[in-house]
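In what follows, a single structure is set out as structure tokens and then discussed.
As the structure is a prediction and not an experimental result, all values here were calculated from the model.
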Amino acid sequence: MIQVAFVICLLPLNQAALPLVINTWHFKDATIAAWSALQKGGSVLDAVETGCAQCELEQCDGSVGFGGSPDEQGETTLDAMIMNGDTMEVGAVGDLRRVKNAVAVARAVMEYTEHTFIVGESASIFAENMGFKSEDLSTNKSMTIFSQWLQDNCQPNYRKDVFPDPSKSCGPYKPKAKGLWRPKHQKEKIDPSAHDTIGMVVIGEKGQVAAATSTNGANHKIPGRVGDSPVAGAGAYADSTAGGAAATGDGDIMMRFLPSFLAVDLMRSGTEPSVACKTAISRIKKHYPNFFGAVICANTTGGYGAACNKVPGFIQFTFMVSNPQTKQPQLQKVDCF
């Protein structure tokens, strides 16, 4: 039996030891599940899948798995991906409905098709045909969130340049006449809980790398929206010649810069993980100084780090690490810049 204690500490972000599990946020049970899978002889792919699946089961922060982040129609849909850093294979699903174990469906895409990414109702049908159970992803909690949102005149939402005024009322919406002025990069008050994702990187004893993500997306999103989480290079990336990275935050902005790919590519050239993460965040910050987001990075020798953008309400980022030096899964923190 693996004895686990939850320890909050501040450690240097360059400890090098393998194997390694690193994941976003304080999702310690996910770290424990992934580490346990490794200790039982599972592959790095088994470990990242198991870790993310644990978050799906626990509905981490209401932002992963079923019963959270209802869209404009009150439906919860899921995004997930998994990547094999040895073969560079990727499996991903977006706008998945009726199936709770999204990361496992993503792995099924990778292992049983020649495709990379399947979305929407077709992804759900694929999952059902592959033997996954079909069930309602809504809960009393998600329906309450949706009902309250309607009562608040559908605030906040992700509409712009439409009428009726999306800041005051619900749709259906139609586009405004072109040419009307609007503030650039208009942004609502930052709510980290509206964008949480479990992003995980696992590196084996011999430097094998795998990465995975799972999320139920942005709260009150427009139906059909797919964020950065299932996009290879955006939500996560793995390359066994360099390392792995995963991102969390405002996916609609972050996916435009492929921060996970950039971080891994920088580590390939010898950049330390913490610096690679910071550079990836800086690229986004140059264009969107007020975006909410963070990146975790780990290289094939076991070094790791993280970085986040400092904005009101988000000045420090937490992530989990487990390796032979930590002895047990530990919560670590990094100040945003």
- [ ] Answer with yes or no whether the side chains of Glu272 and Ser274 bring together a donor and an acceptor at under 3.5 Å.
- [x] no
Open item on the list: Show, in sequence, the C-alpha distance, side-chain angles and deciding distance for Asp29 and Gln54, and conclude whether the side-chain hydrogen bond (donor to acceptor under 3.5 Å, both in side chains) test is met.
Closed with: CA-CA 7 Å; Asp29 287 348; Gln54 184 65 34; 4.9 Å; no
Open item on the list: How close do Thr197 and Ser214 get, counting heavy atoms only, and between which atoms?
Closed with: CG2-O, 3.6 Å
- [ ] Assess the side chains of Ser167 and Asp165: does a donor N or O sit below 3.5 Å from an acceptor N or O?
- [x] yes
Task: Nearest heavy-atom neighbours spanning Pro259 and Ala280 - done: O-CB, 3.6 Å
Open item on the list: Could you check whether Gln208 and Ser240, counting side-chain N and O atoms only, form a donor-acceptor pair closer than 3.5 Å?
Closed with: no
- [ ] Kindly check if the number of other-residue, nucleotide or ligand heavy atoms within 6.0 Å of CD (Glu114) is above 12?
- [x] no
TODO: Taking Thr248 for its side chain and Val295 for its backbone only, find out whether a donor-acceptor pair lies under 3.5 Å.
DONE: no
Task: Side-chain heavy atoms of Thr116 within contact of Glu89, under 4.5 Å - done: no
Open item on the list: Show the nearest heavy-atom pair for residues Cys336 and Phe317, with the distance to one decimal.
Closed with: SG-N, 4.1 Å
Open item on the list: Nearest 0.5 Å, please: how far is CD in Glu56 from CG in Asn216?
Closed with: 10.0 Å
- [ ] Specify the closest pair of heavy atoms between Ala276 and Cys297, including all atoms of both residues, with the distance to one decimal.
- [x] C-SG, 4.3 Å
TODO: Could you tell me the separation between the NZ atom of Lys28 and the CD atom of Gln328, rounded to the nearest 0.5 Å?
DONE: 11.0 Å
Task: Min side-chain heavy-atom separation Asp79-Val93 under 4.5 Å - done: no
- [ ] Report, as yes or no, whether the 6.0 Å neighbourhood of atom NZ on Lys285 holds more than 12 heavy atoms from other residues, nucleotides or ligands.
- [x] yes
Task: Distance, nearest 0.5 Å, that separates CE of Met267 from OH of Tyr237 - done: 11.5 Å
- [ ] Compare all side-chain heavy atoms of Val21 with those of Val321 and state whether any distance is below 4.5 angstrom.
- [x] no
Task: Step-by-step side-chain hydrogen bond (donor to acceptor under 3.5 Å, both in side chains) determination, Asn299 to Thr301 - done: CA-CA 6 Å; Asn299 63 27; Thr301 63; 2.9 Å; yes
Task: Side-chain heavy-atom pair Leu78, Leu137 within 4.5 angstrom cut-off - done: yes
- [ ] Report yes or no: does Gln155 contribute a side-chain atom to a donor-acceptor pair with the main-chain N or O of Asn153 at less than 3.5 Å?
- [x] yes
Task: Interatomic spacing from OG in Ser124 to CD1 in Ile118 - rounded to 0.5 Å - done: 10.5 Å
Task: Flag side-chain contact, heavy atom, 4.5 Å: Arg97 against Asp95 - done: yes
Task: Nearest heavy atoms of Ala298 and Ile22, plus distance in Å - done: CB-CG2, 4.2 Å
Open item on the list: Strictly distance-based, threshold 3.5 Å: is any side-chain N or O of Asn157 a donor or acceptor partner for the main-chain N or O of Cys154?
Closed with: yes
Task: Cationic N near anionic O, under 4.0 Å, Arg107 to Asp46 - done: yes
Open item on the list: Measuring from atom CZ of Phe27 to atom CG of Leu331, what distance do you get when rounded to the nearest 0.5 angstrom?
Closed with: 11.0 Å
Task: Test item: Arg159 and Ile222 side chains (from C-beta on) under 4.5 Å apart, heavy atoms - done: yes
Task: Expected output: side-chain Asp71 to main-chain Glu75 donor-acceptor under 3.5 Å - done: yes
Task: Minimum heavy-atom distance Met88-Ala238, with the two atoms named - done: CE-O, 3.5 Å
- [ ] Kindly say whether Met143 contributes a backbone atom to a donor-acceptor pair with the side chain of Ser147 at under 3.5 angstrom?
- [x] yes
Open item on the list: Taking the side chain as everything from C-beta on, heavy atoms only, tell me whether Leu96 gets closer than 4.5 Å to Val105.
Closed with: yes
- [ ] Inspect the surroundings of CG in Asn129 and state if more than 12 heavy atoms from other residues, nucleotides or ligands are less than 6.0 Å away.
- [x] yes
Task: Side-chain ion pair, Lys221 and Glu72, N-O less than 4.0 Å - done: no
TODO: Ignoring hydrogens and angles, tell me if any N or O in the side chain of Asn323 forms a donor-acceptor pair with the backbone of Thr326 under 3.5 Å.
DONE: yes
Open item on the list: Taking atom CZ as the centre, does Arg283 end up with more than 12 heavy-atom neighbours from other residues, nucleotides or ligands that are less than 6.0 angstrom away?
Closed with: no
Open item on the list: Rounded to the nearest 0.5 Å, what separates atom CD1 in Ile82 from atom OG1 in Thr213?
Closed with: 9.5 Å
- [ ] Could you verify whether a donor N or O on one side chain and an acceptor N or O on the other, from Asn23 and Thr31, lie under 3.5 Å apart?
- [x] yes
Task: Heavy-atom side-chain contact between Arg98 and Glu121 under 4.5 Å - done: yes
TODO: Assess the side chains of Arg225 and Tyr158: does a donor N or O sit below 3.5 Å from an acceptor N or O?
DONE: no
Open item on the list: Assigning hydrophobic clusters by single linkage (Ile, Leu, Val, Met, Phe, Trp, Tyr; side-chain heavy-atom cutoff under 4.5 Å), is Met255 placed with Ile281?
Closed with: no
Open item on the list: Within 45 degrees of the ring normal and closer than 6.0 Å to the centroid, is that where the cationic atom of Lys278 sits relative to Phe337?
Closed with: yes
TODO: Give me the ring orientation class for His287 and Phe257: parallel if the planes are under 30° apart, tilted from 30 to 60°, perpendicular past 60°.
DONE: tilted
Open item on the list: If the threshold is 4.0 Å, N to carboxylate O, is there a salt bridge linking Asp335 and Lys333?
Closed with: no
Open item on the list: Grouping I, L, V, M, F, W and Y whenever their side-chain heavy atoms are under 4.5 Å apart, do Phe66 and Phe146 come out in a common cluster?
Closed with: no
Task: Ring geometry between Trp25 and Phe314 (parallel below 30°, tilted from 30 to 60°, perpendicular above 60°) - done: tilted
